[in-house]
Participant: 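Would you mind keeping the following structure in view while I ask a few things?
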Amino acid sequence: MIKLYKSTEVPTTLRSAPTPTSVDDVSSEIYGADDVRTQLMCDQYDKCAYCETNVTKRYNDVEHFRPKKTYYWLGHDWRNLLYSCDLCNRTYKNDKFPLSDELQRDLANKDISRENPLIINPYEENPLDHLGFHEYILVPRETNGIKDIKGEKTIELFHLNDDVKRRELIEERRRIFDEYKKICSQQELANSIASQVGSLRPISESLQTNLNNLVNSLANSVAKYTSPEYPHAGMIIGQI
């Protein structure tokens with residue numbers, strides 16, 4: 001997970017959308033309209049908001065952070081929408097929305113002001129305040145030996161470390177992390193060679209140019225892994 005920033009320009013379909021008065025009023029033709037999907041995918045770099053795998057507009061879901069079944073009046077609310085892969089949304093999260101204190105869930109008054117969700121919303125907070133990585137394994141952050149409960153619950157709910165239920169996800173993270181380590185090693189070696197060659201005189205212009213190009217190319221390759229559009233950038237940024 002990485003921090004996401006939602007467009008302040010509300011998609012046209014949502015601007016005049018009615019506020020649902022029941023779950024039956026929540027329309028997939030409204031919250032799942034093409035302009036809504038397109039904007040969310042742009043804001044999320046074509047990645048699932050939760051597991052950070054690449055997604056397509058056709059086969060994945062506009063997801064309600066607060067489930068539309070329970071929080072129906074937020075069914076067409078731009079602030080409540082994310083884009084998600086079908087596993088994170090339909091299979092694992094579904095209608096679940098745990099709070100740190102269930103007594104603060106005030107559905108009768110449609111009041112969410114006192115709620116403290118135990119699921120991370122990457123549009124509202126930085127996931128890496130709650131989560132980190134040991135190589136490709138996701139872990140809750142700890143303070144004085146106490147695990148971050150929001151990080152722990154998010155990992156658990158979406159099965160983000162489950163190599164049975166999320167085998168493809170774990171294998172993808174492992175592959176990307178191994179690639180990153182390999183390129184970092186190559187960068188370290190190239191920098192070392194460049195440092196040693198720099199002390200030699202004379203050195204041919206072509207050799208110096210080629211060496212500089214190699215160093216710059218490897219630096220760019222390492223940097224791309226932390227770029228927000230790259231799959232699982234949060235894993236590289238969030239190493240503990």
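Note that the structure is predicted; figures quoted are calculated from it, not measured. Position 1 is the first residue of the sequence; numbering continues from there.
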Participant: Whether R174 and E135 form a salt bridge (side-chain N of Lys/Arg under 4.0 Å from carboxylate O of Asp/Glu) is what I want to check.
Facilitator: no
Participant: Please check: side-chain N/O of D111 versus main-chain N/O of S113, any donor-acceptor pairing under 3.5 Å?
Facilitator: yes
Participant: Salt bridge (Lys or Arg N to Asp or Glu O under 4.0 Å) with D61: which of K68, R90, K93?
Facilitator: R90
Participant: Atom CE in M1, atom CG in L138: separation rounded to 0.5 Å?
Facilitator: 8.5 Å
Participant: Treating Ile, Leu, Val, Met, Phe, Trp and Tyr as nodes and any side-chain heavy-atom pair under 4.5 angstrom as an edge, say whether Y83 and W78 lie in one connected cluster.
Facilitator: yes
Participant: For the side chain of H76 and the backbone of P18, is there at least one donor-acceptor N/O pair under 3.5 Å apart?
Facilitator: yes
Participant: Does the distance from a Lys or Arg side-chain N to an Asp or Glu carboxylate O, for E171 and R167, drop under 4.0 Å?
Facilitator: yes
Participant: Are V36 and Y50 connected in a single hydrophobic cluster, I mean Ile/Leu/Val/Met/Phe/Trp/Tyr linked by side-chain heavy atoms less than 4.5 Å apart?
Facilitator: yes
Participant: Do Y92 and V55 sit in one hydrophobic cluster, given that two such residues count as connected whenever their side-chain heavy atoms are within less than 4.5 Å of each other, even indirectly?
Facilitator: no
Participant: Is there a donor-acceptor pair under 3.5 Å between the side chain of N116 and the backbone N or O of S100?
Facilitator: no
Participant: Do side-chain atoms of T154 reach the backbone of G151 as a donor and acceptor pair under 3.5 angstrom?
Facilitator: no
Participant: Might you confirm whether atom NZ of K182 has over 12 heavy atoms from other residues, nucleotides or ligands at distances under 6.0 Å?
Facilitator: no
Participant: With sequence neighbours left out, write down each residue that passes salt bridge (Lys or Arg N to Asp or Glu O under 4.0 Å) with E142, or none if nothing qualifies.
Facilitator: none
Participant: Checking the side chain of S27 only, and the main-chain atoms of E29 only, is there a donor and an acceptor separated by less than 3.5 Å?
Facilitator: yes
Participant: I want to check a possible cation-pi pair here: K224 against Y230, using under 6.0 Å from ring centre and within 45° of the ring axis as the test.
Facilitator: no
Participant: Sub-3.5 Å donor-acceptor pair from the side chain of N80 to the main-chain atoms of R66, do we have one?
Facilitator: yes
Participant: How far apart are the closest heavy atoms of R173 and N161, and which atoms are they?
Facilitator: NH2-OD1, 2.9 Å
Participant: Is any NZ, NE, NH1 or NH2 atom of the basic residue among D106 and R114 found under 4.0 Å from an Asp or Glu carboxylate oxygen of the other?
Facilitator: yes
Participant: For the hydrophobic clusters of this structure (ILVMFWY residues joined by side-chain heavy atoms under 4.5 Å, transitively), does one cluster hold both L128 and V139?
Facilitator: no
Participant: When you measure from the side chain of E52 to the backbone N and O of A49, does any donor-acceptor pair fall under 3.5 Å?
Facilitator: no
Participant: Between Y123 and R79, is any pair of side-chain heavy atoms under 4.5 Å apart?
Facilitator: no
Participant: Just by modelled atom types, is the N216 backbone N or O under 3.5 Å from a matching donor or acceptor in the N220 side chain?
Facilitator: yes
Participant: Side chain of Q239, backbone of M235: donor and acceptor closer than 3.5 Å?
Facilitator: yes
Participant: Ring of F177, cation from K181 - is the NZ or CZ under 6.0 Å from the centre and inside 45° of the axis?
Facilitator: no
Participant: Using a strict cut-off of less than 4.0 Å between a Lys/Arg side-chain nitrogen and an Asp/Glu carboxylate oxygen, indicate whether E125 and K150 qualify as a salt bridge.
Facilitator: yes
Participant: Suppose we screen for salt bridge (Lys or Arg N to Asp or Glu O under 4.0 Å). Which residues come up paired with D95, at least two apart in sequence or across chains?
Facilitator: none
Participant: Under 3.5 Å, side chain of K153 to main-chain N/O of D148, donor-acceptor pair present?
Facilitator: no
